[in-house]
Amino acid sequence: MFIRKEDFGPGFTWGVSTAAYQIEGAHNVDGKGPSIWDDFVNRKRKINDNHTGNIACDFYTQYAKDISLLFDLNISNYRFSVSWSRILPFGTGPVNYKGIDFYNKVIDFCLELGIEPWITIYHWDLPLELEKKGGWTNRDVISWFGEYVEICIKYFGDRVKHWMVLNEPMVFTGAGYFLGVHAPGKKGLSSFLAAVHHAALCQSAGGRIIRGMKPEAHIGTTFSCSHIEPFRPIEKDVIAAEKADAFLNRLFIEPLLGKNYPVRDLPVLQRIERYVKQGDEQDLVFDMDFIGIQNYTREMVSHSPFMPFVKAKIIKADKRNVERTMMNWEIYPESIYEMLKKFNRYENVKELVITENGAAFADNRQNGKVDDPKRIQFLQDNLAQVYRAKQEGINVSGYFIWTLLDNFEWAEGYHPRFGLVYVDFETQQRIVKSSGLWYKRFLSDTENKIVSGFSKTG
Ligand code: IFM
């Protein structure tokens, strides 16, 4: 089967996504305050090869060149995040107008080139001052976050229509407050459950603030998600897979939709009660215009008596001898289709947007070029699955590739390269990879078709 951009319909949104800490650099200039990531990267043995985001892709000074690249690649939607501590250096209180100016320049330049900005309000870089007071574990984060959302809408809401409240709350609470492998490096169930409840409250509160200040805004939030299957066809693994699903895929969407936390499948969540106050159940609910789906792989899960609370363990791709990316994530395009179906099954989910999908491979520069056929195949196969879901009547209205530029991949540093554009981190030179040129052709040429594995089976 051949698929063209046109098959997705004229109103379908095509774009790329980035995040402030991963590309901006300029970590301490023009009045920016430190974030938890500025702090975390300086701790020993936390980041591969001690990489930091201090310079990253230097987007702070190169933004005009990079947005021009978007234009050259025919990419007409750009999802990026705002750095909270760039505009509120202490998290609350005095505004740093140089930070506001920076995002105004980014937004204005996008609009000048006909590129629609999509803003993620929070993509993991909490101001360090707020972490000193407990960060996401402190219920006061609801008012701190509210102040920050108001500032974003006040200064950028006149030109920006599309807003996403949080990026992948499961990841920043799980990796940051349970496993300690992301900033701020906290560990343990108590800090995790407190962070989960407060992030879930901020997710809905943020939506209400945007709606109140800008009723015509297109408001969403984003979730990491993976299709989950039992490793072996035995009851214990089936139960383990259900628990992992509740944990990884359902924890944040269900309270948002008024279904509360998935306690029945994950009884340990009962312990969240101690952070719940009267009225919270209603406050967790908000009617988002769209849900952002961020999918990269599927997970296979087995029963594990040693894993605390969930008794479930993910069997990594290298242990299963399957095709995988540099993140050790299985290449399994059907996962994106399964996730679209899963989220579409919830009543009151009106619109789904793929706000992230992509892959990291060991890209090499040769004679000034970067040829990345595996990424092209990955994107084509995933797009074919998005198309399959759309054909079945699922309201998926957009697709954003993660990501424009190779960038700082959190605990993995700069090793995994996800970009459509190669970045030489010594010189800050950009080289459009063959995947970038493929996306450009796909977005421009009505005759350009994608051919995918889906055609063989579908
Ligand atoms: O780089 C991250 C991004 O910040 C959030 N979603 C997943 C990407 C790849 O790991």
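When a ligand or atom number is given, it counts from 1 through the structure's own listing order. Heavy-atom basis, side chains included; hydrogens, waters and symmetry copies ignored.
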Salt-bridge contact Lys342-Asp245 (side-chain N to carboxylate O under 4.0 Å)
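Counted as a salt bridge, because a side-chain N and a carboxylate O are separated by less than 4.0 Å.
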Any salt bridge between Asp363 and Lys433, counting N to O under 4.0 Å?
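Lys433 and Asp363: salt-bridged.
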Roughly how far, to the nearest 0.5 Å, is the CG atom of Asn96 from the CZ atom of Phe102?
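Nearest 0.5 Å value for the CZ-CG distance: 12.0 Å.
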Which atoms of ligand 1 sit under 4.0 Å from any heavy atom of His123?
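Taking each heavy atom of His123 in turn, ligand 1 has 3 (C), 4 (O), 5 (C) under 4.0 Å.
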Using only heavy-atom distances, determine whether the side chains of Asp49 and Tyr414 contain a donor-acceptor pair under 3.5 Å.
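No donor-acceptor contact under 3.5 Å links the two side chains.
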Among Gln22, Gln294, Glu356, Glu412, which one puts a heavy atom closest to atom 7 (C) of ligand 1?
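Considering heavy atoms of Gln22, Gln294, Glu356, Glu412, the nearest to atom 7 (C) of ligand 1 sits in Glu356.
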Which residue and heavy atom of the protein sit nearest atom 8 (C) of ligand 1, plus the separation
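Minimum-distance protein heavy atom for atom 8 (C) of ligand 1 reads Tyr296 OH, 3.5 Å.
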Hey, is ligand 1 close enough to Glu409 that some N/O pair sits below 3.5 Å?
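Between Glu409 and ligand 1 (N or O atoms, distance only) the closest approach is under 3.5 Å.
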What do you reckon, does Trp329 put a non-hydrogen atom under 4.0 Å from ligand 1?
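Yes; Trp329 lies near enough to ligand 1 that a heavy-atom distance drops under 4.0 Å.
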Report yes or no: does Asn167 have a heavy atom closer than 4.0 Å to ligand 1?
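It does, in that a heavy atom of Asn167 comes within the 4.0 Å cut-off of ligand 1.
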Using 30° and 60° as the class limits, which term best fits the ring planes of His123 and Trp402: parallel, tilted or perpendicular?
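Parallel: the ring planes of His123 and Trp402 meet at under 30°.
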